[in-house]
Amino acid sequence: MVNPSVGATSQWSCPSNIALVKYWGKKIGEQQIPANPSISWSLSDLKTTTRVTIKDSGNFGFEFVLDGKAKPSFEPKLHEFFQRIMSYCPWLESVSLRIESSNNFPHGTGIASSAAGLGALACCLVDLETPMAESLDWQKVSFLARLGSGSACRSMFSKPAVWGESTAVEGSSDLYAVEMQGSIHSSFSNWEDCVLIVDAGEKVVSSTQGHSLLSNHPYAAARFEVASANLSTLVSILREGNVAEFIKIVESEALQLHAMMQTSIPYYLLMRPNTLAIIEAVWKFRAETGLPLCFTLDAGANVHLLYKCEKKVDVMNFVESHLLTYCESGRYLCSSIGGAPIRITNE
Ligand code: DP6
């Protein structure tokens, strides 16, 4: 590790990710440790690009701009992140940073950008402290990203990423994500995610607040057990190629996530009527056509449609003819599954 000098700069893009088995709940009294293991696919076409420049030496400080504009609303989360990582990157104590970020997806789409954002930032920091390294220390990148936003630690890998200890995944850890080792069945290569924008507004309850409500949740213990079992089953499914079983777990996980929100104390709803309308339309379409597509949800009203690329024409015809009516301003965004952070040079 070196102390980067004033003027040193690093720029990375990082994909966001969509969880197949959800992280929802943290271990009480610990720092960003998940209550159950989760697994995700990264979304190569929904990404954040961030450049970090060492502006000055002296005391720690940072300025943050998103798409060229100062973003004071992001500063508290970033402050907390830097406080948490300071002991792992002690050189930060005596520098001030300029952080310039941009997302390649529009603002106000309700797409969580914290995974891609914190992921890209962690890449830049590890790059700055190890400028001569041939490749980044991905374990450290994932470890740091986790301290910014739990789901961000899974954005580093093009194969499925597992975060949280599980006997089903060798080397898995609560502290960072690992890439699923070994071969993945060809049934799961070349999938896509079409994110249907149901509600582009601010969420009424943030993910961080939502996690905290699990600490006195009547069903939490059962949920954590089911999630761990689902993770083990899903890992086998990804190896063996059973798409029908994949769909059952992925859809059940999405509904369990929202069921936990709806049964939190206090309870709340992030689904909208159009979220449900889309889910029902997907079930009807699947029953009629037998096409392998399914939905998942993150902590919001938008619906992620997952499908094999080879069925894209059929799925997009269905989206255009039956689902756009449920999307805010008819908006949706598609991304390939996979992808990892990329260093951006000479720009
Ligand atoms: C519903 O990673 O946003 O997307 O760790 O508090 O930043 P913090 O939470 P965050 O939670 C994401 C939860 C989820 C499910 C998932 O990605 O596994």
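All of these numbers come straight from a predicted model, not from anything done at the bench. Remember, it's 1-based here, ligands and their atoms both numbered in the order they're listed.
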Asks: Give the atom numbers and elements of ligand 1 that come within less than 4.0 Å of a heavy atom of Lys26.
Replies: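 Heavy-atom distances to Lys26 below 4.0 Å select 5 (O), 6 (O), 8 (P).
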Asks: Among protein heavy atoms, which lies nearest atom 4 (O) of ligand 1, and at what distance?
Replies: Asp298 CB, 4.1 Å
Asks: Would you check the N or O atoms of Thr208, main chain and side chain alike, for any that come under 3.5 Å of an N or O of ligand 1?
Replies: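 The answer is yes, given that Thr208 and ligand 1 share an N or O pair closer than 3.5 Å.
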Asks: Answer yes or no: does atom NE2 of His322 have more than 12 heavy-atom neighbours from other residues, nucleotides or ligands under 6.0 Å?
Replies: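 Counting neighbours around NE2 of His322, 12 or fewer heavy atoms of other residues, nucleotides or ligands fall under 6.0 Å, so no.
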Asks: Can you list the ligand 1 atoms lying under 4.0 Å from a non-hydrogen atom of Gln32?
Replies: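 Taking each heavy atom of Gln32 in turn, ligand 1 has 5 (O) under 4.0 Å.
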Asks: With side-chain contact (heavy atoms from CB on, under 4.5 Å) as the criterion, how do Phe318 and Val313 come out once you've worked through the C-alpha distance, each side chain's angles and the decisive distance to 0.1 Å?
Replies: CA-CA 9 Å; Phe318 165 59; Val313 172; over 6 Å; no
Asks: Output the list of atoms in ligand 1 that are nearer than 4.0 Å to some heavy atom of Ala19, sorted by atom number.
Replies: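 Close to Ala19: 16 (C), 17 (O), 18 (O).
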Asks: Any atoms of ligand 1 less than 4.0 Å from a non-hydrogen atom of His211? List them with their elements.
Replies: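 The atoms of ligand 1 under 4.0 Å from a heavy atom of His211 are 6 (O), 9 (O), 10 (P), 11 (O), 12 (C), 13 (C).
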Asks: For residues 245-267, which residue pairs qualify under salt bridge (charged side-chain N to carboxylate O under 4.0 Å, His left out), counting only residues two or more places apart or in two chains?
Replies: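 Matches after skipping sequence neighbours: Arg223-Glu253, Glu245-Lys248, Glu251-Arg286.
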Asks: Would you say Arg146 contacts ligand 1, with heavy atoms under 4.0 Å as the rule?
Replies: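 The answer is no, since Arg146 has no heavy atom less than 4.0 Å from ligand 1.
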Asks: Name the residue from Ile54, Asp56, Val6 that meets the side-chain contact (heavy atoms from CB on, under 4.5 Å) definition with Ser96.
Replies: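 Running side-chain contact (heavy atoms from CB on, under 4.5 Å) over Ile54, Asp56, Val6 with Ser96 returns exactly one hit, Asp56.
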Asks: For Phe74, check ring pair (Phe, Tyr, Trp, His ring centres under 6.0 Å) against everything at least two apart and list the hits.
Replies: Phe64
Asks: Could you state the interatomic distance from CH2 (Trp163) to SG (Cys153), rounded to the nearest 0.5 Å?
Replies: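 SG of Cys153 is found 5.0 Å from CH2 of Trp163.
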Asks: Which of the atoms in ligand 1, numbered in the order shown and given with their element, are less than 4.0 Å from a heavy-atom of Ala299?
Replies: 1 (C)
Asks: Only heavy atoms of Lys77, strictly under 4.0 Å: list the atoms of ligand 1 that pass.
Replies: 7 (O)
Asks: Of the protein's non-hydrogen atoms, which lies at the shortest distance from atom 16 (C) of ligand 1, and what is that distance?
Replies: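 Nearest protein contact, heavy atoms only, for atom 16 (C) of ligand 1 is Arg154 NH2, 3.4 Å.
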Asks: In terms of ring plane angle, is the pair Phe143 and Tyr88 parallel, tilted or perpendicular, where the classes change at 30° and 60°?
Replies: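 Ring orientation of Phe143 relative to Tyr88: perpendicular.
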Asks: Give the atom numbers and elements of ligand 1 that come within less than 4.0 Å of a heavy atom of Gly150.
Replies: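 Those of ligand 1 that fall under 4.0 Å from Gly150 are 2 (O), 5 (O), 7 (O), 8 (P).
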Asks: Decide, yes or no, whether a salt bridge links Asp174 with Arg146 under the criterion of side-chain N to carboxylate O below 4.0 Å.
Replies: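 Between Arg146 and Asp174 there is no salt bridge, as every charged N stays at least 4.0 Å from the carboxylate O atoms.
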Asks: Which protein heavy atom lies closest to atom 7 (O) of ligand 1, and at what distance to 0.1 Å?
Replies: Ser149 OG, 2.8 Å
Asks: Look at atom 14 (C) of ligand 1 and say which protein heavy atom is nearest, naming residue and atom and giving the distance to 0.1 Å.
Replies: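 Closest protein heavy atom to atom 14 (C) of ligand 1: Tyr23 O, 3.9 Å.
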Asks: Under 4.0 Å, heavy atoms only, figure out whether ligand 1 is touched by the backbone of Ser207, its side chain, both or neither.
Replies: side chain
Asks: Any chance you could lay out the side-chain hydrogen bond (donor to acceptor under 3.5 Å, both in side chains) test for Glu192 and Tyr307, step after step, and finish with the verdict?
Replies: CA-CA 6 Å; Glu192 276 193 3; Tyr307 51 90; 2.8 Å; yes
